[in-house]
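Please read the structure below before turning to the comments.
Just so we're clear, the structure is a prediction, and the values are computed from it rather than from any experiment.
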Amino acid sequence: MSWKFLADSPVYIQIADRIRSSVLSGEYAPGGQIPTVRQLATIAAVNPNTVQHAFSELEDQGLIVSKGTMGRFVTDDEAVIQSCRKKHAEKLVKQFLVNANRMSISKEELISMIKEADI
């Protein structure tokens, strides 16, 4: 089954985001190998060049590393993973606050809701 992509951002960004989320959630462990370009292109039903572009983005961020013919692996540098996790969380918080602000929900109300949330 192919992945579903939204029209509001480039497909390679969406692929990179999905792989990043898999790394940050631990689905792909530090030092672990990730699927090849061809494997992901087949799964996502996209051109291999699109997956390559996504991998290049993640390599530029230091989140994945290429080991030549062995394939690509998640970095085993915990500092890089933690930094990426923090940036990703900050982005989510900012989006959350913008949406809450649009609904005229104050930060105090949000804090109360968060404290009461059963998660």
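Here the closest heavy-atom approach between residue Arg85 and residue Leu24 is recorded as NH2-O, 2.6 Å. Across Leu63 and Cys84, no two heavy atoms sit closer than the pair CD2-SG, 3.9 Å. The shortest heavy-atom contact between Ala16 and Ala54 is N-CB, 3.8 Å. Considering every non-hydrogen atom in both Ser21 and His88, the closest pair reads OG-NE2, 4.2 Å.
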Pair Phe96-Leu92, side chain to side chain contact (heavy atoms under 4.5 Å, CB included): steps then yes or no: CA-CA 6 Å; Phe96 174 70; Leu92 292 173; over 6 Å; no

Please determine whether side chain to side chain contact (heavy atoms under 4.5 Å, CB included) holds for the pair Ile34 and Leu40, giving the CA-CA distance in whole Å, both sets of side-chain angles, and the decisive distance to 0.1 Å. CA-CA 9 Å; Ile34 62 172; Leu40 276 177; 5.7 Å; no

Stepwise side chain to side chain contact (heavy atoms under 4.5 Å, CB included) check, Phe55 with Ile19: CA-CA 9 Å; Phe55 280 1; Ile19 295 168; 3.3 Å; yes

So Val11 and Trp3, side chain to side chain contact (heavy atoms under 4.5 Å, CB included) or not? Walk me through it. CA-CA 10 Å; Val11 171; Trp3 293 359; over 6 Å; no

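Side-chain atoms of Ser112 do not come within 3.5 Å of backbone N or O of Glu108 as any donor-acceptor pair. Formation of a donor-acceptor pair under 3.5 Å by the Asn99 side chain with backbone atoms of Gln95 is found in this model. Under a 3.5 Å cut-off, the side chain of Ser83 and the backbone N or O of Ala79 do not form any donor-acceptor pair.
Surrounding CG of Asp118 are at most 12 heavy atoms belonging to other residues, nucleotides or ligands under 6.0 Å away.
Between Lys86 and Glu90, at least one side-chain N (NZ, or NE/NH1/NH2) sits under 4.0 Å from a carboxylate O, which counts as a salt bridge. Looking at Arg20 and Glu57, no side-chain N of the basic residue comes within less than 4.0 Å of a carboxylate O on the acidic one, giving no salt bridge.
Looking only at side-chain heavy atoms (C-beta outward), Phe5 and Ile15 come within less than 4.5 Å of each other. Between Met113 and Ile105, the closest side-chain pair of non-hydrogen atoms falls below 4.5 Å. Between Ile81 and Val74 there is a side-chain heavy-atom pair separated by less than 4.5 Å. Counting heavy atoms from C-beta on, the side chains of Glu59 and Arg72 come closer than 4.5 Å.
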